[in-house]
Amino acid sequence: MTTVAHQPDAAPVDQHRDPVPASAKWRAGWRRGRQLTGVVPFFAFIVVFLVIPTLVVAVGAFGSNDGRPTLDNLSALGDGYIVDAFVRSILLSAVTAVIGAILGALLAYALVTAKPDGILRRLVTSACGVLAQFGGVMLAFAFIATIGLSGFVTLFLKDQLGIDLYSGGVWLFDLPGLMLVYTYFQIPLMVIVFLPALDGIRPQWREATESLGGSTWQYWRRVAMPLLAPAFLGSTLLLFANAFSAYATAAALVSQGSPIVPLQIRSALTSEVVLGQQNLGKAMALGMVVVVAVVMWLYAYLQKRTSRWLG
Amino acid sequence: MAGVTARRARKQRAFRWIVVIVLGLFFLVPLFAMLMFTIREPDGHYTFETWRQFFDWPQLASTYPDLWTGMRSSGELVLLTVALMLVLLVPTVVWVRLRLPWLRRVIEFICLLPLTIPAIVLVVGLAPVYAWVTYFLGGSPMTLTFAYTVLVLPYAYRAIDAGLSGIDVKTLSEAARSLGSSWGTVMWRVVLPNIRSAVLSASFLTVALVLGEFTIASLLNRTNLQVAVELLGKSSATMSVAVSLAALVLAFILLFALSFAGRRRGQNRRSIRETS
Amino acid sequence: MTFQERPLDRDASSVGAAGGRDTVPTPTSNSVAVHLNGLRRRFGGVQALDNLDLEMAPGELIALLGPSGCGKTTALRVLAGLEDADSGRVLVGGKDITELPANRRDMGMVFQAYSLFPHLTALQNVEFGLGLRRVRSAQRRERAGAMLDLVGIGTHADRYPHQLSGGQQQRVALARALAIQPQVLLLDEPLSALDAKVRVQLRDEIRRIQLEVGTTTLFVTHDQEEALAVADRVGVMRAGRLEQLGPPDEVYQRPSTAFVADFVGLSNRLPGTVSGDRVEVLGTALPLVPGAASGIGSGAVNALVRPEAVDLAVDPDGRGRVLAASFLGPTSRVSVAMPDETMVVAQVASALLPELAPGTAVRIELRPVPVVVEAA
């Protein structure tokens, strides 16, 4: 408080040399510092639980077990089985993202043609919320109960129709099975992320197209599709990242081998047999981050365009 | 009169029902299969023994102690994580809006960062950090709260930020300050009540995420609901499927109930058509 | 550039999908461009259109005016083909288009707001309809550019809708609607989302452009000033029917019903007594609008008297007392309380205002212009 009383006297003297009096500068700095204390807890938490883990991964990927810098871990990413895991992960994510995006978009469109506050829309969006975000282990069990070896559908097909789902081998616990189960949570996620874009389509655009002489097909081809394209692409990318990062479903479903990257990381983390695997795990983790970061960056870019058009 | 618009509405209705029914089957069959799995004996008879057991909680706890522990720790984790998320996020975001606007982009970037870091990657980096956490706080599952708070940051931040964008925090807090409230009062009595629905939706997202989390708990060797269910799957498949089905149905009922509480959207646009 | 110097080639614009759309009007329909015949439409419990009849002459601008929910937008949307009528017919140029879908009706439409395609520039938006008609790209661009010049926005051709103000967006929307040289131009509250000043400016501009291109136009609005300013004829709607249809001055000065008198302009409701074709109000016998008292008969009524038909004279023995005055520029509005607590609003020259301080005793004189009455 004394500084405040002081200032009117000091100011005119200083003004000739320095437009900002030294004491004011100091006080501004002090005030700013005090204001910054308000965000200290947040940043402390972030440093410990987000920044350090990220650094552990990033630095570890470039370090040998005794802590010396090395590129061995990264070059180990070129090993056949790791490359295969990445290829399979990307394939799994891409296929389920595309299928999920198409079917999810159809379902989302069906919902916007219904009443916005109707029961149908509420039911479906709630169900989508559960299946998209809650799934993991439980969805794996759902599919074991459905098309596992003694699953309901498996038995039904075998007993009633004489069809053996697994005549060509048990595929549920491998990549095809993962694709099926992943699709089960990708479609609902698409509905959730794509619905806002569809809601942003204004009825005036269709009416304007019609009054200008456009048919339904021309409306879709020249107005709705170009408008929705960024949102659709962006959502597909989000689905890709979602599948690429997913771990729980695969962990619960796949008990033998590690066909995809998250499972490879698990075995690197838990393996006590091969020493030196720890940092290989970090290199794979870094690889995942790079893929997901690129995809999410593209997603954010497309999202920005969507919000300008359909916001 | 065979109306043009009536014809379109009919076409749309047909399309809607075809899509909803076909995809609905795809989604309902596994759930139905889960139910059948829990009530059908290998010899083809039906029994509700699993469900009787499921609803007999004392017996459930003694028969499946791990499951019981997992459920309880997930429940406790939900409360702790919601609390930590709110305490960490709400004052920080409000304070930054009021006093440190230049930090806003930074905070947003940080909060959205976990979106680009898959949980499995976060575990890799968290492992050494949790070695210290275990050293200081012990190996209780409750320590997962920290990791889960990181995971929910993007969703919680978006919800709260959207809530704050809907009100004029600056004017509100200036008004409250000019009437003589302290910063604590501003936060508690002025800002919070106005972003109640945003806080609610951030909390709900947190609940869903914590109850569904498996990756981090499993790889840091801590038991929560999902880890317990997965473990149970190896010993008692029927009960694990029953628990899964119950959890999915419960989550659905919760979300469905919440959809009535939420704000209604898309209404303004409709009303433009109806004005005459 | 004026529009007439570069006539747009109508035939070139109607090739392709829209080919053969031009019908030669039959002699009987020559003076009627648009004919809405007995339209009915019900939404749930609301009768949006109740046996609506409307004829528009070629090149005419009709404004449909009414409170929200009166059916004016429904009428426009039925004409556009965006809404079905439950019964009734729509004829354009003598041809029945009731069953024709919207995209084959050849109508240009301007919506309330947000109707521009956000992924296209202003120029591309205007080209859109021409593209659908397979007009070649060079010709298309030239014509779209000319339309943008016509609406005074040629310099913004390459901007996207989100880079334009609300008024500019509506200009582009108008250019887009006119570019296809529609048989009928439909304006659905095109100004209601704009600021007051832009609204007046654009309103006058719409009228200028409409006169220049000569397109038959239906203009829907809830703003009576707007309707009176732009229209050849104003149709006042209420509960799905036309209450009155006539030139602006007629609708204003000789409203045929109390509803019209009330909705168009400001009216005093003054108690009076009908006898014959006159009504006695505040001691003055005023002529009745023909047919106005039918169904009421004679006896006590409320007469609707315009403020500008009320004169005030300062008179210490006057029975009225000035309550308040509001300055409106060249004229002012003065409210006067009568001993029986009726309120009379008068419009006076602002120069008189200093004499009319609150509390001043005044005498009220009514000019003998025809009035409408309603049952008391």
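Order of the sequence lines fixes the chain letters, A, B, ..., with proteins taken first and strands second; residue numbering starts at 1 for each chain.
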Q. What orientation do A:Phe194 and A:Phe232 show, parallel under 30°, tilted 30 to 60°, or perpendicular over 60°?
A.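 Perpendicular: the ring planes of A:Phe194 and A:Phe232 meet at over 60°.
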
Q.
In terms of relative ring orientation, are A:Trp297 and A:Tyr301 parallel, tilted or perpendicular, with 30° and 60° separating the classes?
A. parallel

Go through the atoms of [X] and report whether side chain, backbone, both or neither lie under 4.5 Å from a heavy atom of chain A.
X	result
C:His119	both
C:Leu186	neither
C:Ala173	neither

Q. Which residue pairs satisfy the salt bridge (Lys or Arg N to Asp or Glu O under 4.0 Å) criterion with at least one member in residues 112-129 of chain C, sequence neighbours excluded?
A. C:Glu127-C:Arg140, C:Glu127-C:Arg141

Q | Listed partners of A:Tyr299 passing ring pair (Phe, Tyr, Trp, His ring centres under 6.0 Å), at least two apart | A |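 Ring pair (Phe, Tyr, Trp, His ring centres under 6.0 Å) list for A:Tyr299, sorted by chain: empty.
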
Q. For A:Arg305, is it the side chain, the backbone, both or neither that has a heavy atom under 4.5 Å from a heavy atom of chain C?
A. neither

